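Because the structure is predicted, anything quoted here is derived from the model rather than measured. Order of listing sets the numbers, starting from 1, for every ligand and every atom in it. Below, all heavy atoms of this structure are taken into account, side chains as well, without hydrogens, waters or symmetry copies.
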Amino acid sequence: MGQKKTIGISEAQLGKEEALAVAKVMRRGWISQGEEVAHFEAAFSAAHGDLPAVAVCNATAGLHLALHALGIGPGDSVLVPGLTFVGAVNAVLYTGAEALPVDVQGPTHPHICLKTAATALTPSTRAVMVMHHAGYAVDMQAWADFAAHHGLLLLEDAAHAPGLPLVGRYSHAAVFSFFANKNMTCAEGGMILTRDVELAARLRRLRGHAMSSPTLHRTKGHAFSYDVDELGFNYRLDDIRAALGLVQLRRLAEFNARRRELSQLYYRLFSANIPDVQPIFDAKHETTAHLFCLLLPQRTNRASVMRFLFEAGIQTSIHYPPYHRFTWHKALFSQCPLPHTEEYCSRTLTLPLHPGLTEMDVHCIVTRLGEALCLTKSC
Ligand SMILES: *Cc1c(COP(=O)(O)O)cnc(C)c1O
């Protein structure tokens with residue numbers, strides 16, 4: 001009898017090609033931001049409708065940089081999804097602006113709600129940030145209309161959505177993450193996509209302390225000193241990670257297709273076998289299938305279900321714990337009613353989903369979840 005393998009919630013797909021790409025950069029000698037970053041930006045842009053792309057060290061920094069470059073600061077407020085990763089909310093707070101959480105549409109449709117957003121606007125509101133949760137596309141046309149109507153900037157947190165065709169087309173900036181558990185990874189990294197060429201140029205300057213010439217140019221003798229004409233940041237990506245990102249980008253379409261196939265299998269198995277478990281969104285929704293999230297039946301002891309699955313060798317997670325209840329954040333958001341977000345956060349469970357999963361794994365996960373629900377309900 002062999003040791004039972006653990007089915008991971010997400011597993012980076014890293015192979016020989018990635019290793020060779022990294023080794024090539026190391027041999028070349030220049031490992032910080034340089035040619036490889038430029039290649040990565042060009043390739044990412046080509047894969048996303050040729051919109052200008054600016055690489056950064058992670059998506060949190062990317063969101064902060066985009067908000068800052070768009071002029072968001074103290075005295076402003078930004079509408080943010082009630083359901084999101086805390087880093088996206090922190091990015092707003094770094095600028096000195098107020099974050100105004102907006103409830104999600106409903107527990108099985110946990111995108112920021114447009115109708116609720118209209119009631120959350122204040123005279124200081126300058127921007128709205130939407131997030132393609134689990135990779136499921138937000139209705140960007142509707143948000144672009146909303147933003148235009150109210151004179152707001154529109155930002156996309158596209159951390160879950162690389163390869164989604166509409167991303168970046170309707171917003172002022174869309175920000176991607178290449179953290180290890182995302183659809184493509186370079187360990188830590190991010191990318192900002194924007195239709196605005198001038199904004200892209202400004203983002204490029206601001207990510208490197210707004211220095212008038214980057215270090216690489218100076219080592220090549222293109223310049224011997226530099227000036228700084230505004231307060232910038234070090235939010236650069238490096239050539240080692242960019243090399244990794246380039247290989248992952250080439251594999252992205254295949255990764256996303258495989259994720260979608262596995263998600264479709266989950267949808268079929270749940271509706272056939274465990275109909276009281278409700279996967280979020282639906283099988284027809286356009287998606288990169290970043291996560292497979294579902295709603296457990298009301299009053300399920302989620303911690304017991306997670307423990308049962310863990311002991312059966314299946315990792316699970318929660319996307320996301322409600323940030324408005326975090327110890328540090330709760331004082332900021334005590335006045336925000338978020339009933340749908342709270343219901344979603346209390347009942348949601350994320351199952352393993354990554355391109356390395358087999359159909360057998362998915363069958364096994366659904367069977368085990370059925371058992372866990374029976375046990376915890378003592379049926
Ligand atoms: C991962 C993630 C981020 C932050 O990305 P980093 O690259 O880790 O900074 C932001 N928003 C969402 C929705 C995410 O999933």
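- For residues 40-52, the pairs satisfying salt bridge (Lys or Arg N to Asp or Glu O under 4.0 Å) are E41-R204, E41-R207, with sequence neighbours left out.
- Taking the centre of each ring, F326 and Y320 stay at or above the 6.0 Å mark.
- For atom 4 (C) of ligand 1, the closest heavy atom belonging to the protein is T60 OG1, 3.6 Å.
- Looking at D157 against ligand 1, only its side chain comes within 4.0 Å, counting heavy atoms.
- Considering backbone and side-chain atoms alike, Y320 places an N or O below 3.5 Å from some N or O of ligand 1.
- Note on L114: it does not cluster hydrophobically with V104, by side-chain heavy-atom contacts below 4.5 Å among ILVMFWY residues.
- Closest to atom 15 (O) of ligand 1 by heavy atom, among H160, H132, E188, is H160.
- The parts of A59 lying near ligand 1 are both backbone and side chain, judged by heavy-atom distances below 4.0 Å.
- Taking the six-membered ring for Trp and the full ring otherwise, F292 and Y267 have centroids separated by under 6.0 Å.
- Sorted by first and then second residue, the salt bridge (Lys or Arg N to Asp or Glu O under 4.0 Å) pairs with a member in residues 334-356 read R325-E342, E343-R347; sequence neighbours excluded.
- Contacts between F176 and ligand 1, counted as non-hydrogen atom pairs separated by less than 4.0 Å, are absent for every part of the residue.
- When hydrogens are left out, the protein atom nearest atom 1 (C) of ligand 1 is K182 NZ, 1.5 Å; that is the closest non-hydrogen contact.
- Taking the ring centroids of H109 and Y136, they lie at or beyond the 6.0 Å cut-off.
- Of all the heavy atoms of H133, none lies under 4.0 Å from any atom of ligand 1, so neither backbone nor side chain is involved.
- Around NE2 of H222, the count of heavy atoms belonging to other residues, nucleotides or ligands within 6.0 Å exceeds 12.
- Protein heavy atom in closest approach to atom 3 (C) of ligand 1: F85 CD2, 3.5 Å.
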